[in-house]
Amino acid sequence: MKNINKNKAVSVCILRSNPVRPDSRVEKEAWALAKAGYSVHILAWDRDTNELECQDYVSVADIKIPITRLGHKATYGEGIKNLGSYLKFQFHMRKWLKTNKFDIIHACDFDTALFSRGVAKRTKAKFVFDIFDFLAGEPSNLLQYIVKKTQLFLIDSADATIICTDERKRQIAGSNPKRLTVIHNTPAEDQVGSFEFPLVSDGGVKIAYVGILQDYRLLKEIAEAVAEADQIELHIAGFGKYESYFEQMDQNHKNIHFYGRISYDQTLSLEAQCDIMLAIYDPSIENHRLAAPNKFYESLMLGKPLVMVRNTGMSYVVEENSVGVLIDYSKEGFVSGINKLIERKGEWHSIEKRMKEIYQHQHCWSEMERRLIQMYADLQNEKTTDR
């Protein structure tokens with residue numbers, strides 16, 4: 001295994017347990033760091049192949065970020081069935097990091113932080129723990145209790161910790177982070193592509209969803225509801241458990257359009273060409289109640305009215321600013337909510353204006369980028385301490 005890190009700039013490796021094909025948060029952070037002069041490399045788990053190492057680039061705006069994908073085949077949403085592949089990826093990741101040494105190891109979530117923290121300590125690299133989703137915040141068994149305590153340990157031992165909303169601070173109560181930064185999952189306006197989707201329409205209201213196609217997002221129920229309606233269309237893209245289901249729905253229903261896996265600039269292009277966006281999650285899951293959905297922030301930037309479930313992350317913003325509709329987590333709730341939002345079509349222009357103002361004043365990416373770069377600058381200005 002050849003050492004690929006030869007750049008004299010401060011070197012950063014961002015670790016992610018998916019193939020980053022796409023992963024908007026990883027791409028934005030890597031892009032921001034690269035623009036600031038860091039030598040950035042992404043190391044990712046490719047679950048679609050057993051090709052051990054594949055070198056590639058992730059293009060973000062005008063910058064190409066090198067990425068190494070470690071192939072250990074697994075299925076999304078299958079939990080314990082993926083344990084073997086998960087462990088293979090972990091040991092492969094550790095071996096790769098020992099060979100390709102970096103100044104800063106930036107681990108996204110428990111999935112990569114657990115095994116990389118020790119490598120950072122041995123190689124005297126700074127260690128950043130970026131928490132997209134905090135696991136087992138409300139433990140109900142011994143294993144979940146151990147997972148929670150381990151995450152708190154990782155926070156305490158990290159040189160810096162990142163969370164995605166201020167509300168997440170209560171999830172990590174009991175920890176003592178050396179440095180804590182809040183970076184929202186907001187998009188950058190520079191990332192909106194110019195890709196034109198063939199949105200053939202007879203005037204129906206276009207609804208957009210782009211993301212992982214898995215459980216706890218009401219996706220099949222939404223598709224069934226759209227299939228029964230004449231005045232709405234579902235434009236959906238992504239990958240995961242229900243890919244074949246949506247391929248079939250696309251074939252069988254003229255108002256359901258499935259685009260498969262698309263890049264992030266294409267995601268924003270598709271959403272910009274639709275009328276309404278969805279950010280729907282099961283509120284019985286703790287992380288969903290504290291979520292910072294990409295789709296919420298994308299809707300703000302694009303000015304698209306939003307459908308969200310009551311008592312899920314950032315739903316209070318939708319309610320307080322009347323920029324969408326809150327629904328019950330059910331097919332019936334979705335149908336009722338969509339109909340209410342369509343009845344408010346005359347307000348969509350004013351909703352768009354309010355959403356864009358919220359984005360600019362509270363959640364713009366330029367502010368999130370500033371926070372990230374400042375955190376990294378602070379790390380560089382202090383000596384590495386024993387962890």
Discussion item. Looking at every non-hydrogen atom in both residues, tell me the closest pair between F129 and F110 and how far apart they are.
Written reply: CE1-N, 3.8 Å
Discussion item. For the backbone of G324 and the side chain of R344, can you confirm whether one donor and one acceptor N or O come within less than 3.5 Å of each other?
Written reply: yes
Fill in: Validation row: E369, L372 side chains within 4.5 angstrom (heavy atoms)
no
Practice prompt. Would you please test V60 and V58 for side-chain contact (heavy atoms from CB on, under 4.5 Å) and show each step?
Written response: CA-CA 6 Å; V60 189; V58 173; 4.0 Å; yes
Discussion item. Testing the basics here: between E29 and I14, what is the closest heavy-atom pair and its distance to 0.1 Å?
Written reply: C-CD1, 4.5 Å
Item to complete: Would you indicate whether the side-chain heavy atoms of E189 and Y359 approach each other to under 4.5 Å?
Response: yes
Discussion item. By the side chain to side chain donor-acceptor pair (under 3.5 Å) test, which pairs, at least two apart or in different chains, include something from residues 299-314?
Written reply: R310-D328
Worksheet item: When hydrophobic residues are tied together by side-chain contacts of less than 4.5 Å, even through go-betweens, does V325 share a cluster with L302?
Response: yes
Practice prompt. State, without any angle test, whether Q362 and H184 hold a side-chain donor-acceptor pair at a distance under 3.5 Å.
Written response: no
Discussion item. Under the criterion side-chain contact (heavy atoms from CB on, under 4.5 Å), I'd like the reasoning laid out for L15 against L97: C-alpha separation, chi angles, the key distance, then a yes or no.
Written reply: CA-CA 10 Å; L15 313 177; L97 287 172; 3.9 Å; yes
Practice prompt. Report the C-alpha distance between R217 and I212 in whole Å, list the side-chain angles of each, state the deciding distance to 0.1 Å, and finish with yes or no for side-chain contact (heavy atoms from CB on, under 4.5 Å).
Written response: CA-CA 9 Å; R217 301 187 180 203; I212 299 178; 4.3 Å; yes
Item to complete: State whether the side chain of N255 and the backbone N or O of A229 hold a donor-acceptor pair below 3.5 Å, judged by distance alone.
Response: yes
Discussion item. For a side-chain hydrogen bond (donor to acceptor under 3.5 Å, both in side chains) check, start with the C-alpha distance between Y216 and H288, then their side-chain angles and the critical distance, and finish with the verdict.
Written reply: CA-CA 9 Å; Y216 310 114; H288 291 180; over 6 Å; no
Discussion item. Could you tell me if Q374 and D378 have a donor-acceptor pair between their side chains, going purely by distance under 3.5 Å?
Written reply: yes
Practice prompt. Please confirm whether the backbone N or O of F127 pairs with a side-chain atom of D159, one donor and one acceptor, at under 3.5 Å?
Written response: yes
Discussion item. Within the 3.5 Å criterion, strictly below it, is a donor on S350 or E347 matched to an acceptor on the partner's side chain?
Written reply: no
Practice prompt. Working to the nearest 0.5 Å, report the span between CD of Q273 and CG of L268.
Written response: 11.0 Å
Fill in: Backbone N/O of D23 and side chain of E27: donor-acceptor pair under 3.5 Å
yes
Worksheet item: Between E51 and R69, is a side-chain contact (heavy atoms from CB on, under 4.5 Å) present by the stated rule, with each step listed?
Response: CA-CA 9 Å; E51 183 178 355; R69 295 187 175 98; over 6 Å; no
Discussion item. When you measure from the side chain of S175 to the backbone of I155, do you find a donor-acceptor pair of N or O atoms at a distance under 3.5 Å?
Written reply: no
Worksheet item: Looking at side-chain heavy atoms only, is the closest gap between P293 and M308 below 4.5 Å?
Response: yes
Fill in: Side chains of I162 and R371 in contact at under 4.5 Å (non-hydrogen atoms)
no
Worksheet item: Between R168 and L290, what is the shortest heavy-atom contact and its length?
Response: NE-O, 2.7 Å
Worksheet item: Can W96 be reached from L52 by stepping across I, L, V, M, F, W or Y side chains whose heavy atoms are under 4.5 Å apart?
Response: no
Worksheet entry | M301 side chain near T186 side chain, heavy-atom distance below 4.5 Å | no
Worksheet item: Side-chain contact, heavy-atom cut-off 4.5 Å: Y376 with V10?
Response: no
Item to complete: Specify whether H257 and H235 have parallel, tilted or perpendicular ring planes, treating 30° as the upper limit for parallel and 60° as the lower limit for perpendicular.
Response: parallel
Worksheet item: So if you build clusters from Ile, Leu, Val, Met, Phe, Trp, Tyr with side-chain heavy-atom gaps below 4.5 Å, do Y281 and I338 land together?
Response: no
Worksheet item: Where do L341 and W348 come nearest, in terms of heavy atoms and distance?
Response: O-NE1, 3.2 Å
Worksheet item: F132 ring centre to R25 NZ or CZ under 6.0 Å, with the angle to the axis within 45°?
Response: yes
Practice prompt. May I ask you to test the V128-M375 pair for a side-chain heavy-atom distance under 4.5 Å?
Written response: yes
Worksheet item: So with a 6.0 Å cut-off around OH of Y86, is the heavy-atom count from everything else above 12?
Response: yes
Worksheet item: When clusters are formed by joining ILVMFWY residues with side-chain heavy atoms under 4.5 Å apart, either directly or through shared neighbours, do W45 and L87 land in the same one?
Response: yes
Worksheet item: Are any non-hydrogen side-chain atoms of I131 and Q171 less than 4.5 angstrom apart?
Response: no
Practice prompt. Could you name each residue pair satisfying ring pair (Phe, Tyr, Trp, His ring centres under 6.0 Å) that touches residues 309-346, not counting sequence neighbours?
Written response: none
Item to complete: Compute both the distance and the angle, then confirm whether R261 meets the cation-pi test with F239: under 6.0 Å from the six-membered ring centre, within 45 degrees of the axis.
Response: yes
Worksheet, complete the sentence: Only residue of I207, I222, V226 satisfying side-chain contact (heavy atoms from CB on, under 4.5 Å) with I256 is V226
Fill in: Over 12 foreign heavy atoms within 6.0 Å of OH, Y245
yes
Fill in: Heavy-atom closest contact (F258 atom, G238 atom, distance)
CZ-O, 3.8 Å
Worksheet entry | Backbone of A188 reached by a side-chain donor or acceptor of Q191 within 3.5 Å | yes
Worksheet item: Is the CD atom of E319 crowded by more than 12 outside heavy atoms at less than 6.0 Å?
Response: no
Worksheet item: Under the 3.5 angstrom rule, does the side chain of D109 hit a backbone N or O of D133 as a donor-acceptor pair?
Response: yes
Practice prompt. Walk me through it: do E298 and K295 pass the test salt bridge (charged side-chain N to carboxylate O under 4.0 Å, His left out)?
Written response: CA-CA 5 Å; E298 291 157 10; K295 288 169 278 297; over 6 Å; no
Discussion item. For K88, I'd like to know if atom NZ has over 12 heavy atoms of other residues, nucleotides or ligands within 6.0 Å.
Written reply: no
Worksheet entry | Heavy-atom donor-acceptor pair, R289 side chain to S284 backbone, under 3.5 Å | yes
Item to complete: Would you kindly confirm whether I358 and W365 end up in one hydrophobic cluster when ILVMFWY residues are joined by side chain heavy atoms under 4.5 Å apart?
Response: yes
Item to complete: Can you label the angle between the H41 ring and the F102 ring as parallel, tilted or perpendicular, going by 30° and 60°?
Response: tilted
Worksheet item: Is there a donor-acceptor pair closer than 3.5 Å between any side-chain N or O of D275 and the backbone N or O of V205?
Response: no
Discussion item. Using 0.5 Å steps for rounding, measure from the CG atom of L43 to the SG atom of C108.
Written reply: 11.0 Å
Discussion item. Between E382 and K126, does any side-chain N to carboxylate O distance fall below 4.0 Å?
Written reply: yes
Worksheet item: Any donor-acceptor pair under 3.5 Å linking the side chain of R354 with the backbone of N321?
Response: yes
Worksheet item: What's the shortest heavy-atom distance between P177 and D156, and which atoms?
Response: N-OD1, 4.1 Å
